[in-house]
There are 2 protein chains.
Amino acid sequence: MTKTKKLTINDIATKANVSTATVSRYLNGQLNQMSATTASKLKKIIKETAYIRNSAAVQLAKQKSNLVAVVASNIDEYFSSEYFKGVVSILSAQGYIGVLFDSNSDEITESNLLESVYNQNFAGLILQPLSTQHHLIDKFTNNHIPVVLIDRDIGNGDISTVTTNNFQVTKFAMESFLGKGFKKVTIITEPVNRISTRVERIAGVRSVFNHAQLIEVDTDHLNLSELSDDLDIKNPTHLLFVLKERLLIQLLANTDLLHEPKTQQRLTGFIDTNIPKYLAPTYKFIQQSPYLMGATAAELLMTQFSEQQPTDIKQIVIPSHFE
Amino acid sequence: MTKTKKLTINDIATKANVSTATVSRYLNGQLNQMSATTASKLKKIIKETAYIRNSAAVQLAKQKSNLVAVVASNIDEYFSSEYFKGVVSILSAQGYIGVLFDSNSDEITESNLLESVYNQNFAGLILQPLSTQHHLIDKFTNNHIPVVLIDRDIGNGDISTVTTNNFQVTKFAMESFLGKGFKKVTIITEPVNRISTRVERIAGVRSVFNHAQLIEVDTDHLNLSELSDDLDIKNPTHLLFVLKERLLIQLLANTDLLHEPKTQQRLTGFIDTNIPKYLAPTYKFIQQSPYLMGATAAELLMTQFSEQQPTDIKQIVIPSHFE
DNA sequence: TTGTAAGCGTTATCAT
DNA sequence: ATGATAACGCTTACAA
C-alpha cells in the first residue's frame with residue numbers, strides 16, 4: 001500500500017548518481033557502453049524501485065509505435081482466435097503488442113474499423129480481408145504502414161499474403177472420393193461473394209467433379225428439412241462437401257445422414273476444431289494450420305518493419321491437410 | 001501514391017494561420033472557444049490533408065494511456081471471445097482500445113502475462129483470473145490502475161467483479177431434474193482446483209443432490225470407455241451434469257448416451273455456443289451471457305477511470321438461464 | 001564510459 | 001477568441 005508517485009528516468013538517474021542518458025542506455029540494453037559497476041548499480045535501483053518506462057514517451061522519442069492491429073473477419077470462428085495466437089506469439093517476442101479487431105463478417109464494419117485503426121497510429125496491420133476493395137488498404141501502404149493479408153487474397157500483388165493451398169488440398173480430397181466411386185458432389189457454403197478462399201475451394205472441387213452443384217446457405221438460419229431434396233441422402237455415390245465447420249457440424253448432427261450408410265463417409269469439408277472428429281471419429285476432413293499462418297504473417301510484418309525500402313513482398317502458402 | 005511526410009499539428013497551424021493551441025483546441029472539441037470561421041477553416045484543412053494526431057504525443061501530454069488489457073483464461077473458449085467483444089463494444093465507444101491476452105489455462109503464463117502487462121503502461125485491466133493469488137493484482141491497484149475481475153471471483157472484496165449466478169442457476173436446473181424423478185447426479189468437469197465458478201456450480205448441484213459424485217477429467221484426453229462404469233448409462237434416473245461445453249459435446253456425440261432413452265434428457269450442463277442445441281434440439285442447457293458480462297465489466301472500469309477516489313467497488317451478477 | 005541538451009508532437013496555463 | 005510557451009518522459013547525437 002505504498003503510495004507510489006510516478007517514477008521517471010530522472011529519479012533513477014539521481015538515485016544512481018548518473019545522467020539520464022546512461023539510464024536510458026541501460027534500459028535499451030547498451031550495456032557495452034558502460035562500466036559493469038554502473039550497470040549493476042542501475043539494475044539494483046531499478047529493481048528496488050520497480051521503475052517502469054513511460055511507453056508514450058518512448059514511442060514519441062523513438063518515433064515508432066509498438067502496436068499492431070489484427071483485423072479478423074469474424075472472431076467467432078475458432079480459425080481467427082487461433083491465428084491471432086500465432087500472431088501474438090511472434091509479435092510479443094519482439095516487444096510488439098497485437099490488438100484484435102473484429103469485422104464481424106460485415107464489410108461496412110470492416111471499412112469503419114480500418115478507418116479507425118488508421119487513425120490510431122498502429123505500426124502495422126494484419127488483415128483477414130472481407131472486401132476486395134484495394135483502396136481500404138492503400139491508405140496504410142501510402143503512409144508506409146506495413147500490411148500483411150491473411151487467409152484471403154484480394155488479388156493485389158503489392159501486398160504480402162499468407163494463405164493456404166485451398167485449391168490443391170480440395171482437389172486432393174476430391175480425387176480420393178472419386179477413387180472411392182463417388183459420382184456426384186454438392187458443395188454447401190455461406191454465400192460465396194468474391195471471398196477467395198471459397199472461390200478456390202469450389203474450383204478445387206470442380207477440377208475433379210466438374211458438375212458439382214453449389215448451395216449457398218446462412219449458417220444462423222439453416223433449415224435442414226428445406227435442404228433435404230438437394231441433399232439427396234439416399235444416393236450412396238453423392239458426396240456433400242461443406243466449406244464451413246459450423247455448417248458441417250449441423251449436418252453431422254443429423255444422425256440419419258451420418259449413420260445410415262455406416263460403411264462409407266458421405267460428408268466432409270474444412271474444419272477448425274476437433275469437434276467434427278468427436279462426431280465422426282473415422283471420417284477424414286481438411287484441416288488448416290491457423291496458428292502457423294498467423295505466426296508467418298507476423299514474421300512477414302516484422303521483416304517489413306526492419307526494411308527501409310518497402311520491397312520484399314511475399315506470398316506464402318501454408319498447406320492444409322486432408323486426414 | 002502521394003509521398004506523405006508525417007504532418008504535425010504545427011503544419012496544420014501554419015496552413016490555417018493560427019497557433020498550435022487553437023488547432024489543439026479544435027481537435028479536442030473545444031469549439032466554443034473559437035470563432036465559427038476558424039473552426040470551419042480547420043475542419044477543411046484537416047480533412048484535405050488527412051492529418052491525424054500522434055497518439056504517443058497526446059498520451060504523453062495528457063498523462064494517460066487509452067489501452068486496456070483484457071486477460072482471458074483461455075481464448076479457445078467461445079465464452080472468452082464473446083465477453084471480449086462485449087468489453088470492446090463499450091471501450092471503443094469511449095476511445096479506449098481493448099487488448100486481448102491469453103493465460104492459456106496456465107497459472108505461470110498468467111503470472112508472466114500480468115507482469116508484462118504491468119510493464120506496458122495500460123490504463124486498466126480486466127482479468128478472468130486463474131490464480132487466486134491476490135498479490136498479482138495488488139501491483140496494479142497500488143499504482144492506481146483500475147482492475148475489474150470477470151467470470152471468477154478470488155474472494156477479494158476490494159475489487160470490482162462481474163460474475164454470474166452459478167449457484168442459483170445450477171440449483172434451479174437441478175430442482176427441475178429432481179422433479180422429473182432423477183435420483184443420482186454425476187458432475188463431470190476439468191480439475192476444480194479452486195476455480196470459483198466450478199466450486200459454486202458443484203455446490204449448486206449438491207444443494208439438491210447432496211451425494212452427487214464428482215469426476216475430474218482432462219478435456220484433451222477424455223477417454224469415454226474408461227468412464228463408462230461411472231457414467232452408468234443404463235440407469236434412467238442418473239443425470240450427468242457437465243461443467244464445460246467441450247466435454248458436453250463429446251458426451252453428446254456418444255449417440256448411445258444421447259439416443260438410447262430417447263424420451264428423457266439424461267445429460268446437461270453449461271454451454272457457450274449453440275452446437276449442443278444442434279446435437280440435441282430438445283434438451284435444456286444452462287446458458288450464460290458473456291457479451292453482457294464483458295460490457296458490464298468495461299463499464300465498471302470506465303467509472304473507475306473517471307473517479308478520483310478509488311472507491312465505488314461493485315460486485316455485479318449477470319444471471320444465466322436454464323432453457 | 002559518461003554527460004549535455006536538443007528534439008519528439010501535443011496539451012494546457014497564462015497572457016493578451 | 002487566440003497566441004506563446006513550458007511541460008510531458010524519453011532518446012540520441014555530440015561532447016568530453
Just how far, in rounded Å, is [atom2] of [N] from [atom1] of [X]?
X	N	atom1	atom2	answer
Leu42(A)	dT1(C)	CG	C1'	13 Å
Met34(A)	dT11(D)	CE	P	12 Å
Ile9(A)	dT11(D)	CD1	P	5 Å
Ile52(A)	dG9(D)	CD1	P	13 Å
Ile12(A)	dG9(D)	CD1	P	13 Å
Lys64(A)	dC10(D)	NZ	C1'	15 Å
Asn54(B)	dT11(D)	CG	C1'	15 Å
Asn17(B)	dA4(D)	CG	P	11 Å

**Asked** Taking all atoms of both residues into account, what is the closest heavy-atom pair of Gln120(B) and Ile97(A), and its distance?
**Response** OE1-CD1, 3.4 Å
**Message:** Which heavy atom of Arg53(B) sits nearest to which heavy atom of Asn121(A), and what is that distance?
**Reply:**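 The answer is O-OD1, 2.8 Å.
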**Prompt:** Hey, would you say the Tyr83(A) and Tyr291(A) ring centroids sit under 6.0 Å apart?
**Reply:** no
**Prompt:** Thr22(A) has a side chain; which of dT2(C), dA5(C), dG3(D) sits nearest to it?
**Reply:**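 Nearest to the side chain of Thr22(A) among the choices is dT2(C).
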**Candidates dT2(D), dT2(C), dA12(C) - which lies nearest the side chain of Thr38(A)** =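 So the side chain of Thr38(A) is nearest to dT2(C).
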What's [X] touching, base or sugar-phosphate or nothing? Going by heavy atoms closer than 4.0 Å.
X	result
Asp11(B)	nothing
Thr8(A)	sugar-phosphate
Tyr26(B)	nothing
Gln33(B)	base
Asn121(B)	nothing
Val23(B)	nothing
Arg53(B)	sugar-phosphate
Asn32(A)	sugar-phosphate

Under 4.0 Å: is that the gap between some side-chain N or O of [X] and OP1 or OP2 of [N]?
X	N	answer
Ser35(B)	dT2(D)	yes
Ser24(B)	dT11(C)	yes
Ser19(B)	dG3(D)	yes
Asn28(B)	dT11(C)	yes
Gln63(A)	dG9(C)	yes
Tyr51(B)	dG9(C)	no

**Prompt:** Would you call Lys139(A) and Glu115(A) a salt bridge, taking side-chain N to carboxylate O under 4.0 Å as the test?
**Reply:** yes
**Item:** Ion pair check, Lys6(B) and Asp11(B), cut-off under 4.0 Å
**Value:**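 No.
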**Message:** Let me spell it out: for each of Ala61(B) and Ala21(B), pick the nucleotide of DNA chain D with the closest heavy atom. Which residue's pick is nearer the 5' end?
**Reply:** Ala21(B)
**Message:** Taking the nucleotide of DNA chain D with the nearest heavy atom to each, does Asn10(A) or Thr37(B) sit closer to the 5' end?
**Reply:** Thr37(B)
**Item:** Crowding at NZ, Lys15(B) (>12 non-hydrogen neighbours, <6.0 Å)
**Value:** no
**Prompt:** Toward the 5' end of DNA chain C, which comes first, Gln30(B) or Leu60(B), by nearest nucleotide?
**Reply:** Leu60(B)
**Asked** What's the spacing between Leu27(A) CG and Leu42(A) CG if we round to 0.5 Å?
**Response**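 CG of Leu42(A) is found 8.0 Å from CG of Leu27(A).
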